[in-house]
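In what follows, a single structure is set out as structure tokens and then discussed.
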Amino acid sequence: MARPGIGIWLVGAKGGVASTTIVGLAALKQGLTPPFGLVSGLPQFGHLGLADWNDFAVAGHEIRDVRLVDEAMKLATTSRAIDPRLIEQCRADLAEIDGRVRPGTIYQVGRTIEGLAGAEVPRGESPRDAIARVREDMAGFVRAAGLKHLIVVNVASTEPPVDLASVPPTWAELEALLDRVQECPLPASSLYAIAALGAGHSYVNFTPSLGSAPEAIDELARLRNTRHMGCDGKTGETLLKSVLAPMFQLRNLRVMSWVGHNIFGNMDGQVLNDPVNKAAKVASKDHLLGEILGYKPQTHVSIEYIESLGDWKTAWDHVHFAGFLGTPMTLQFIWQGCDSLLAAPLVLDLIRFTELAHRRGETGRLTFLASFFKSPYGVEEHGFVRQFQMLEAWAAGEAAGE
Ligand code: NAD
């Protein structure tokens, strides 16, 4: 077995996506599961020399006072999404990783997320102190495990939206705000991004939270010769939108309205039940239609928390479009997916591709990863197939174009 040389640092380390990623990685290491759902397992990426599953070690930050194995088990018992025997076979890995999870920061995360935090999570830190603390946690893991590289992935709860225009455009200006608690607009996700990128680690934002979106934080990444990408994993309903909308556009069918109703019952759904947190998710799910079609049809996105559904999400979409002679027609689809099982393989793919980008010396935004995100940083192309071609072009060694 190869010695782990690459670290995965999960922010939100005991949530649904993180627990499934950890169970999935442990299962892949032991050869207990086929590689279904893993893009990096496709033949066109076979020549890349992507890292082996045994190369990775996991740690992270969390704010809830819970055990990783119990959270993973909920996916088996409450959601009936994972075979409990698989979790039992990974129990030793889960216990080891549990010991490496540190208390995170709840700086400007809003009241709903604050309400999840246990007593160990520090209150009243300045942004600079929070960054220094989480950076030291990451450094401790790198030292203890003798890691060559660390990839920090944000899979924490969705924060309330932050207006990008309120963030200063340069790193020097933003850095000067880190001691001014009243004036610093950054939420926790951006403090983790600064801690990671400032130390030369890679950073991936799988959530709609602000993370490394500001120009100033991209500048920091480039100053430190490191890389980042986001945001908001494209796993279900929005993935379908980005596949189907180009079809309407290429057949010159006029989409008049697109309504998407989403119901699910996991903790992500509970947090998104707060209208402030929900606003960030709705914006991320809603914007791409206008960008693909070239005009803005009437749209509506609803997200409702229905506890009994657990991790199973149902999305019902109603697309009303006009065909030849202006005749109205309808497409409806129902998507029923298990949220964490759709997300976890993409998290593992993002880690493998980002690690290769690190070896290739690539810095700044990793735009070739656009197909993984609802709102990819620095990319205007939202059609799934074209985005996937960007990944294939990168894999073939070409410059990532849009
Ligand atoms: P979850 O609620 O199960 O897990 C989130 C975890 O983050 C929780 O354990 C929570 O305690 C922790 N957390 C919250 N704030 C934190 C902070 N400041 N620092 C450290 N930990 C913190 O949610 P999930 O279903 O695992 O989803 C995780 C994120 O990924 C959400 O933002 C979600 O919107 C996003 N996402 C999920 C999917 C998907 O599941 N298919 C797709 C795209 C994006």
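In each ligand, atom 1 is the first atom listed, and ligand 1 is the first ligand listed. All heavy atoms count here, side chains included; hydrogens, waters and symmetry mates do not. Numbering starts at 1 and runs along the sequence shown.
Between Ala188 and ligand 1, not a single N/O pair is under 3.5 Å apart. Looking at ligand 1, you won't find any N or O of Ala343 less than 3.5 Å from one of its N or O atoms. Between Val17 and ligand 1, at least one pair of N/O atoms sits closer than 3.5 Å.
Checking Ser340 against Asp311 by side-chain atom types alone, a donor-acceptor pair falls below 3.5 Å. No side-chain donor-acceptor contact under 3.5 Å links Thr363 and Arg222. Side-chain atoms of Glu291 and His287 form a donor-acceptor pair, as typed in the model, at a separation below 3.5 Å. A donor and an acceptor atom, one from each side chain of Ser202 and His149, are located under 3.5 Å apart.
Here is the list of ligand 1 atoms found below 4.0 Å of a heavy atom in Gly16: 1 (P), 3 (O), 4 (O), 26 (O). Of all atoms in ligand 1, numbered sequentially from 1 with element shown, those under 4.0 Å from a heavy atom of Gly12 are 6 (C), 7 (O), 12 (C), 20 (C), 21 (N). Taking every heavy atom of Thr158 and a limit of under 4.0 angstrom, the matching atoms of ligand 1 come to 31 (C), 32 (O), 33 (C), 34 (O).
For the residue pair Ile22 and Ala13, the shortest heavy atom distance occurs at CD1-O, 3.7 Å.
Among protein heavy atoms, atom 23 (O) of ligand 1 sits closest to Asp268 CB, 3.5 Å. Here the heavy atom of the protein found nearest to atom 12 (C) of ligand 1 is Glu62 OE2, 3.3 Å. Distance from atom 19 (N) of ligand 1 to its nearest protein heavy atom, with residue and atom name: Tyr192 OH, 2.7 Å.
Considering Gln336, Gln332, His261 in turn, Gln332 is the only one that fulfils the side chain to side chain donor-acceptor pair (under 3.5 Å) rule with Trp316.
In summary, the aromatic rings of His300 and Trp258 are positioned with their centroids too far apart to meet the 6.0 Å limit.
Contact analysis puts Asp232 in contact with ligand 1, with a non-hydrogen atom separation below 4.0 angstrom. The shortest heavy-atom distance from Lys374 to ligand 1 is under 4.0 Å.
Of the candidates Thr105, Leu346, Thr235, Thr105 brings a heavy atom nearest to atom 17 (C) of ligand 1. Comparing heavy-atom distances from atom 31 (C) of ligand 1 across Ala156, Ser209, Ser189 singles out Ala156 as nearest. The closest heavy-atom contact to atom 28 (C) of ligand 1, among the options Leu191, Val155, Leu239, comes from Val155. In the candidate list Thr207, Leu10, Asp311, Asp339, Thr207 is nearest to atom 30 (O) of ligand 1, counting heavy atoms. Taking each of Ile113, Leu75, Asp65, Thr20 in turn, the one with a heavy atom nearest to atom 15 (N) of ligand 1 proves to be Ile113.
Between the side chain of Lys29 and the backbone N or O of Phe56 there is at least one donor-acceptor pair closer than 3.5 Å.
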